[in-house]
Amino acid sequence: MSPRFPDSLNRARRAVEAVVDPAGLTLVACSGGADSLALAVAAAFHHQRSSGPLAQARVGAVVVDHQLHPESEAVTTTALRQLESLGLEPLISLPAAVDPSSGTGPEAAARTARYAAFERALTRTGASRMLLAHTQDDQAEQVLLGLARGSGTRTLAGIPAERGPFHRPLLGLSRAETEEICAHAGLTPWQDPANADPRYLRSRVRTRILPFLQAELSGSIRESLARTAQIAAEDAAYLEQEAKQVFAALLEDPGAEGQLRMDLAALHRAPPAIRRRVIALAVVAAGGSAPSFERLGAVEKLLVTEGSAGPVELEGHLSAHRGTRESPDYGKLVIVPRLN
């Protein structure tokens, strides 16, 4: 162990302290890489502390084997051994059933399988929370990917610090700092070759685009992008709360055949940022999935009475139309399941 106690470890410990279950079991998701090992080091400090508000807290870990790398079994074994040296309990490993034929791409398929394994780990151990090791670098990469997609404020908000049982306490630390923590603890992180594989968009952002922006635009580009994510997350949360209130006010009693109806004129008067969110909430409430920006725009055009009355096809086998003068739904935006 390095004799110098890094400030990064103090910061990591404080960040973890804020999210550990004080009266139950918290799991650390560990891949064997620097970020998750550093998270485990910080979390181990709070495992079965002898005094204080976390005296009853327990911290264990789960290692998920995606079985996509020829050395994955050895990586899992090494990760478990290093976690054991930190004193975490319980320690479990689970395979991830990655479906390469899912049509979502290898990264998305691996993520889906990984979170399914996380849910199994929570159920098996009875843990109430799971800590994930996303860092400030991951956040910066996510914001750039969101900019490339042009998906709006929620996407620019990047990776949430908390969602359900999953917490990400290291979003304020850099990848270099997690490597520093591992060096201090005498741990040897695994270097995942996929992180530098140019076939993956995130890898190109990590190894080419961010370094270029740092050299040519700003040396603090990662911090700036992470700050942008925080601001965008706060803005998005406010707008979504406002949209929920407007949606509740505009939603009328369901019509025949599961129709969902809202007052056309009132929806049209809402600010665009609220209006699009209300439409998205309506689609989800009707049993569909969150609509794309293009689909939202198509529904917005229905609000102009001299234009087409629809229907507009939506995700989740739904369609939206404007009630005509001959219809009992005149003056309403109607979302209804498609017949075909």
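Values below: every heavy atom of this structure, side chains too, minus hydrogens, waters and symmetry copies.
- Taken from CZ in R202 to CD in E141, the straight-line distance is 5.5 Å, to the nearest 0.5 Å.
- Side chain of Q139 to main chain of I159: a donor-acceptor pair is present (N/O by atom type, distance under 3.5 Å, no hydrogens or angles).
- Between L267 and I279, the closest side-chain pair of non-hydrogen atoms falls below 4.5 Å.
- Residue pairs satisfying the salt bridge (Lys or Arg N to Asp or Glu O under 4.0 Å) criterion with at least one member in residues 34-47, sequence neighbours excluded, are listed as follows: D35-R175.
- If you chain together hydrophobic residues whose side chains sit under 4.5 Å apart, V28 and V64 never meet in one group.
- Of all the heavy atoms in P198 and R208, the pair that sits closest is CB-NH2, 3.3 Å.
- A salt bridge links R275 to E300: at least one charged side-chain nitrogen sits closer than 4.0 Å to a carboxylate oxygen.
- Side-chain contact between C182 and P189 is present, with heavy atoms from C-beta onward closer than 4.5 Å.
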Evaluate M262 against L264 for side-chain contact (heavy atoms from CB on, under 4.5 Å), listing each step before the verdict. CA-CA 6 Å; M262 294 183 290; L264 203 70; over 6 Å; no
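- Of all the heavy atoms in G158 and A229, the pair that sits closest is N-CB, 4.5 Å.
- The backbone N or O of V312 sits nowhere less than 3.5 Å from a side-chain atom of S319 that would complete a donor-acceptor pair.
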Candidate pair E242 and R277, rule side-chain contact (heavy atoms from CB on, under 4.5 Å), full reasoning: CA-CA 9 Å; E242 288 292 303; R277 285 173 167 81; over 6 Å; no
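- Each of L94, T76, V75, T77 was compared with D65 under the side-chain contact (heavy atoms from CB on, under 4.5 Å) criterion, and only T76 meets it.
- For the atom pair CG of L225 and CD of Q230, the computed distance is 13.5 Å after rounding to the nearest 0.5 Å.
- With respect to the salt-bridge test (charged N to carboxylate O, under 4.0 angstrom), the residues E315 and R295 do not qualify.
- Counting only residues at least two apart or on different chains, the ring-ring contact (aromatic ring centres under 6.0 Å, His included) pairs with a member in residues 116-139 are Y115-F118.
- For the pair R222 (side chain) and A140 (backbone), a donor-acceptor distance under 3.5 Å is absent.
- The pair R11-E177 counts as a salt bridge, with a side-chain nitrogen and a carboxylate oxygen less than 4.0 angstrom apart.
- One hydrophobic cluster, built from ILVMFWY side chains closer than 4.5 Å, cannot hold both I231 and Y238; they sit in different ones.
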Let me see the working for L39 and V16 under side-chain contact (heavy atoms from CB on, under 4.5 Å), right down to the final yes or no. CA-CA 8 Å; L39 177 59; V16 169; 3.7 Å; yes
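- A donor-acceptor pair shorter than 3.5 Å cannot be found between the side chains of N195 and S203.
- A donor-acceptor pair under 3.5 Å is absent between the side-chain atoms of T135 and the main chain of L171, judged by distance alone.
- Within the 3.5 Å criterion, the main-chain N or O of K332 finds no donor-acceptor partner in the side chain of D329.
- Side-chain contact between R322 and Y330: absent, with no pair of heavy atoms (C-beta onward) separated by less than 4.5 Å.
- When the side chains of ILVMFWY residues are joined at heavy-atom separations under 4.5 Å, either directly or via intervening members, L314 and L250 end up in a single hydrophobic cluster.
- Proximity of P22 to Q56: side-chain heavy atoms (C-beta onward) are nowhere separated by under 4.5 Å.
- The two residues L296 and A280 make their nearest non-hydrogen contact at CD2-N, 3.9 Å.
- Scanning both residues, T188 and L37, for their nearest heavy atoms gives O-CD1, 4.1 Å.
- Side-chain heavy atoms closer than 4.5 Å link hydrophobic residues (I, L, V, M, F, W, Y) into clusters, and following such links, possibly through other members, connects L132 to L122.
- Checking side-chain atoms of R261 against main-chain N and O of L251 turns up no donor-acceptor pair under 3.5 Å.
- Annotation for E119: atom CD counts as buried by contact number, over 12 foreign heavy atoms lying within 6.0 Å.
- Taking NE2 of H268 as the reference point, atom CG of L333 lies at 11.5 Å (rounded to 0.5 Å).
- Taking every heavy atom of both residues into account, A57 and V20 meet most closely at CB-CG1, 3.8 Å.
- Considering OG1 of T26 and CG of L54, their distance stands at 9.0 Å, rounded to 0.5 Å.
- For the pair L83 and C30, the minimum side-chain heavy-atom distance is below 4.5 Å.
- Both I209 and I221 sit in one connected hydrophobic cluster of ILVMFWY residues. Membership requires side-chain heavy atoms under 4.5 Å apart, directly or through other members.
- L260 has its side chain out of reach of V336: every pair of non-hydrogen atoms, C-beta onward, lies at least 4.5 Å apart.
- Between S85 and L187, some side-chain heavy-atom pair lies under the 4.5 Å cut-off.
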The test is side-chain contact (heavy atoms from CB on, under 4.5 Å); show your working for L213 and S218 and say whether it passes. CA-CA 7 Å; L213 293 176; S218 169; over 6 Å; no
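- For the pair R206 and D138, the salt-bridge criterion is met [side-chain N within less than 4.0 Å of a carboxylate O].
- For E84, the CD atom is loosely surrounded, since the number of other residues' heavy atoms within 6.0 Å does not exceed 12.
- With rounding to the nearest 0.5 Å, the separation of CG in D137 from CG in L210 is 7.5 Å.
- Counting heavy atoms from C-beta on, the side chains of I92 and L80 never come closer than 4.5 Å.
- Across all their heavy atoms, A61 and L88 have their closest contact at CB-CD1, 4.1 Å.
- Distance CZ/R58 to CG/L27: 9.0 Å, rounded to 0.5 Å.
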